[in-house]
Amino acid sequence: MSKKISIDPVTRIEGHLAVETKIEAGKVTDARIAGQMYRGFENLLLGRHPIDAARITQRICGICHEVHGIAASMALENLYGLQPTQNGLILRELILGLHLVTDHIFHFYQLTLPDYVDFGRLQNYRGGDSRVKKLAGIFNGSNVFTSGMITDSFDDTGLTVEMALGYAEAINIRKQAGSGLASLGGKVPFCHTILPGGLTTDITSDRLMNYANALSATTDFIRRFYLPQAIELAQHFRHYFELGQSHGNFYGNGGFSLSKNQLYSGGILRAGKRPVRTQFAKIKETVEATYLDPDGTPRAKKEGAYSWVKAMHYDGLPMEVGPLARLAVNNDREFAELLKPFKQEPTHSSVMTRILARAQEALKICFYLPELLHQYDLQGETINPPDMLAKPTGNGQGMSLAARGALNHQVTTENGKVTRYRLQVPSAWNFGPTAGGHRGTVEQALIGTPVNKKDGETAIEIGRIVRSFDPCLACAIH
Amino acid sequence: MLTRREFIKRCRDISLLMCGQTLLTRQLAHGFLQLAKAPPSIAFVHAQNCMGCTTSMMYGNDFDFLDFLGSVGNLDIHPALSFNQGGEYLARLDAICKEGNHLLVVEGSIPSDPPEACLLGDRPIYDVLADCAQKAKMVICSGSCASHGGIPASGGNQTGALSVGAYLEQKKIKVPLLQVPGCPVHPDHLMGSIAYITATGKLPPLKKETRLPEEYFGELLHNRCSRYQHFSQDKFVNNYAKDKNDCLLKKGCRGPVTASDCPVRRWNKRTSVCVESNTPCIGCMNSHWPFKSDLYLETAEVEDLPWSQMKQKTNSRR
C-alpha cells in the first residue's frame, strides 16, 4: 500500500517550492519537486540596452544578490571585448567572496537550524545572561518561531542556548558584513557599482579598512560559531550522512583565482571517475516537464509538466552543484580532514556532507580574501569603463559561481539591443524536474528516505533533505 | 515597571528619534498603550518576489532586525523565517487571515495571466491574497514590485503581473494601502513604517501627489544629494575611472526624477549609498522602475539638457 506525503509550501528557503512524495513500506519510492513561481527574466530583457542586464539580472534573487551582477558583467565584458582592470577583478572577488560567506551563514542559522534544534527549550533557561533572556522572549513570543515538528532534537538546554545565540549573532554579523560589502559596492542587496570593466567606487584606504574589519569579524564568527556548531550538528545527526544521496555526479565552475592559491578550478566529476574539464557545449536545458514552450513562452496548462524549473543536463545527465560539488571536483584536502572523524569521503553526497561543505567553504574563502586586500593597488584604476553608446552585435558568455553552485550567463545582442539572454542557474541543476528518463538531483536524493508519518502529516526528514541543497527557486526559474 | 513619567519620557525620546521633534509623543504613548493590549500580528506573503526586500530588512540600517522582532508588533508568519512548513504553515496563515485586523505585508507582484505563475499551497496567489487582504487592518507593499509592478511587470510582462494596488482594485477589496517602493526596499522605510503603524494605529503621513510616506519620499533624491555642490558648479563625471566625486547627472542619474531620502539615510549601517559610490541612481524607487531600456543614459544623450527635457528623457524610457 502506498501513500502520499507532500510539503507545500516548503518554507525557510528562497522562493516557492512544493514537494510530493510517494511512500511505500515506510520509504520514499517516488518524488516530485515543483517550482511554483515564474517571472520571465529571459524574456523581459529582450530589446533592452545590454548593460541593463548587469542591473536587472541581479534582481533575479535577493538572497544571492551580487552573483548575477558579476556573472552578467563577465558576459558583457566578453560581448564588448572589454578587459577589466586588475583592481576591478580584485574588488569583484572581494565582494563575491564575502557575500558567499554571509549567504552560507544565513542558510545554516536561519534556514537549516530550525529543522534540527528545538528552540522552545530556551524557556528552560535559568541562567542570568540577558542576551539569552531577550532571545527567549523573541523565540517564545512569536508564532514564527514555534513549531511542533521536531521530536529528535538533542536533549541539552546548554547546547540549544549556544545555537540560539548563534542564530542571533548570525543576523548581527550579516549586518556588519553588509556594511563591509556596501563600502565597496554602495549598498547591499544589489551593488550598483559593479559594471562591466570593474567597479565605479572611489576606493580609499578607509573603505578598504571598513571591509577588512567586516571580513575579520565574519571570519571570527565562522571560527567561533559556524564551523564548530556545524560539526556539533553532524555529530548529533550522524545518520544524515546516509540520507539525501543524489546521483553522485558533480559540476563546479572555477573561481577565486587571482591569488597564487587559486581556490577552485572548474570541472565535472562523475560517480567513480576522475574529474574532467567542463565542455560547455554538453550543457543542455530541456522543458519536457516544465510549464514552458521550447521558445520560452509560459504555458501553465501544459500536459505532462509539473514545475516551472527547466531540467539541466550535462552530457544527458543531471548533476549536483553547490559547495560540496566544488570541493568534490577539487578533491579538497582540508575537507577530507574534516570528514575523517565521520568516516566519510569528500565526494559522498549526503545531507550532512553538504552542510559541512558549506561551513568549510566559508572558512576557506575567509582565509583567501585577505591576500587580495594586500594585492590591491591603491593608485591603480578601479574600472575600465564600457562605452555605453556602442551598439555591439554578437555573443557574450560569463561563467562564475554562486553560493549554490555554478552560474552561467549568455547574452546575444544585435545593434545594441539584447535579442537573447540565457541563464543557467545553480538551483535549476539541483531542483530540475524529471526529464530524459532521469530524475532531478533532489528528487533522486529523496528516494529511499525512511518516513514514518501518516498521510497529510509533515515529514521533517524530507524538509531536511530538500533544504540541505539550499534551494533558491527564484534563481532556478527566473 | 516604568512609572508614568518615565513612560512619557521614553515616548518623547522615540518621537525625537523618529522625526526629530517631540510632536508625536502623545500619539506614541497612546499607541504603546494600545500595543500593550493587543499587538497587531504581522503577516508576510511572498508573491512574484526575489526575497531581496526581506534580505534588506534583515541587514537593517538604523533599524535593527532583532530589535524590530523584539519590540515592534508581533511577526506572526513569514515564508522565509517560519519554523513550520506545509499544512501547518497554511493553517497558521489561514487562522491569521480569518481572525483579521492583521498587518499584511506583501512582497512581489501578483500574476494575473496565467495566475498559475505563482502558487501557494497549490492555489494561485491571485486567489490566496484576496483571502489574506479581506480582513486585514492594512496592506503594506514592501518594495517596488508590490508597490508598482516592478521588474516582473516590465518588458513583455509574460505573466500579467500586477501591483498590489491594481490587484486589490481588480478584486474590489477596499483596505488601507501603504506603498513603500524600492528595489530592494530600504530597511528603515519598511520597518519604520510598520513601527509607525503599530505605534499609532494609523497610516504615516503621505505625500499628496504620490501617496508615499512623506518622511521618506518627500523630496527628490537630487535635492538631498551629497554631490549637489558639484552639480551647482557644473562639475560632472565623464569617466568613471578618473572622476570620482562629481555629479553623475550626465551619466543619466535618475536622482532628479526619483523621490527618496537615500543620500541622507544611506544604507547598511549608514555606510554608503549608490551615488556616493560613484554610480548614478537608477531610479529603483521610481514608479516607472525598471523603465523600458537604458538604465544608464550617456553624456551624449543628456548633455546640456535643460531640466524639463531631462525629465522628459528619463520618462520616455518608461
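Naming: A, B, ... by sequence-line order, numbering from 1 per chain.
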message: Shorter than 4.5 Å, heavy atoms on both sides: which option in A/Gly180, A/Pro189, A/Gly296 has the most such pairs with chain B?
response: A/Pro189
message: Could you check whether any side-chain heavy atom of A/Val188 comes within less than 4.5 Å of a side-chain heavy atom of B/Trp267, counting everything from C-beta outward?
response: no
field: Flag, side chain of A/Arg55 to backbone of B/Leu295, donor-acceptor distance under 3.5 Å
entry: no
message: Minimum heavy-atom separation for B/Thr55 and A/His65, please, with both atom names.
response: CG2-CD2, 4.2 Å
query: Pick from A/Phe119, A/Phe106, A/Phe145: which one has the most heavy-atom pairs with chain B under 4.5 Å?
result: A/Phe145
- prompt: Which bit of A/Gln176 comes within less than 4.5 Å of chain B, counting heavy atoms only: side chain, backbone, both or neither?
  reply: both
message: Run A/Asn172 and B/Leu66 through side-chain contact (heavy atoms from CB on, under 4.5 Å) and show every step you take.
response: CA-CA 8 Å; A/Asn172 290 330; B/Leu66 277 176; 3.9 Å; yes
query: With respect to chain A, which residue among B/Thr54, B/Asp122, B/Val275 yields the maximal number of heavy-atom pairs within a distance under 4.5 Å?
result: B/Asp122
- request: Name the region of A/Thr297, side chain, backbone, both or neither, that has any atom closer than 4.5 Å to a heavy atom of chain B.
  value: backbone
message: Counting only non-hydrogen atoms closer than 4.5 Å, does A/Pro385 touch chain B with its backbone (N, CA, C, O), its side chain (CB onward), both, or neither?
response: side chain
field: chain B contact via A/Ile138 - side chain, backbone, both or neither, heavy atoms under 4.5 Å
entry: side chain
- prompt: Just how far is it from atom CG of A/Asp8 to atom CD of B/Gln85, taken to the nearest 0.5 Å?
  reply: 11.0 Å
statement: What one should report as the nearest heavy-atom pair of A/Asn143 and B/Asn74 is N-OD1, 4.4 Å
message: Side chains of B/Gln158 and A/Arg39, heavy atoms from C-beta outward: is any pair under 4.5 Å?
response: no
- prompt: Taking side chain as C-beta onward, heavy atoms only, is A/Pro386 less than 4.5 Å from B/Tyr296?
  reply: no
Under 3.5 Å: donor-acceptor pair, side chain of B/Ser293, backbone of A/His49: yes
message: Nearest 0.5 angstrom please: B/Asp64 CG to A/Ile171 CD1, how far?
response: 8.5 Å
query: Between B/Ala241, B/Gly60, B/Gly155, which residue shows the highest count of heavy-atom pairs closer than 4.5 Å to chain A?
result: B/Ala241
- prompt: For chain B, which of A/Asp387, A/Val144, A/Thr11 has the most heavy-atom pairs under 4.5 Å?
  reply: A/Val144
- request: Would you please classify the geometry between the B/Phe83 ring and the A/Phe139 ring as parallel, tilted or perpendicular, with 30° and 60° separating the classes?
  value: tilted
statement: Applied to residues 180-202 of chain A, the side-chain hydrogen bond (donor to acceptor under 3.5 Å, both in side chains) test, sequence neighbours excluded, yields A/Arg59-A/His192
message: Which one wins on heavy-atom pair count under 4.5 Å against chain B: A/Arg12, A/Arg207, A/Gln36, A/Arg299?
response: A/Arg12
message: Is A/Asn210 in contact with chain B via its backbone, its side chain, both, or neither, using a 4.5 Å heavy-atom distance?
response: side chain
message: Does any backbone or side-chain atom of A/Leu199 lie under 4.5 Å from a heavy atom of chain B? Answer side chain, backbone, both or neither.
response: backbone
task: Count the heavy-atom pairs under 4.5 Å between each of A/Glu14, A/Arg174, A/Lys175 and chain B, then report the option with the highest count.
output: A/Lys175
message: Let me confirm one number: the CH2-CG distance from A/Trp308 to B/Leu119, rounded to the nearest 0.5 Å.
response: 8.5 Å
query: How far apart are the closest heavy atoms of B/Ala80 and A/Ile13, and which atoms are they?
result: CB-O, 4.2 Å
task: Using a cut-off of under 4.5 Å on heavy-atom pairs, state which of A/Ala18, A/Gly197, A/Gly178, A/Gly198 scores highest against chain B.
output: A/Gly178
message: Donor-acceptor check, side chain of B/Asn268 to backbone of A/Ala182, threshold 3.5 angstrom: yes or no?
response: no
- prompt: Do any N or O atoms from the side chain of A/Ser179 and from the backbone of B/Thr271 form a donor-acceptor pair under 3.5 angstrom?
  reply: no
task: Report yes or no: do A/Tyr38 and B/Gln48 form a side-chain donor-acceptor pair below 3.5 Å?
output: no
query: Quick check: does any side chain N or O of A/His16 sit under 3.5 Å from a backbone N or O of B/Ala47, one acting as donor and the other as acceptor?
result: yes
query: Do A/Lys134 and B/Asp67 meet the salt-bridge criterion of a basic N to acidic O distance under 4.0 Å?
result: yes
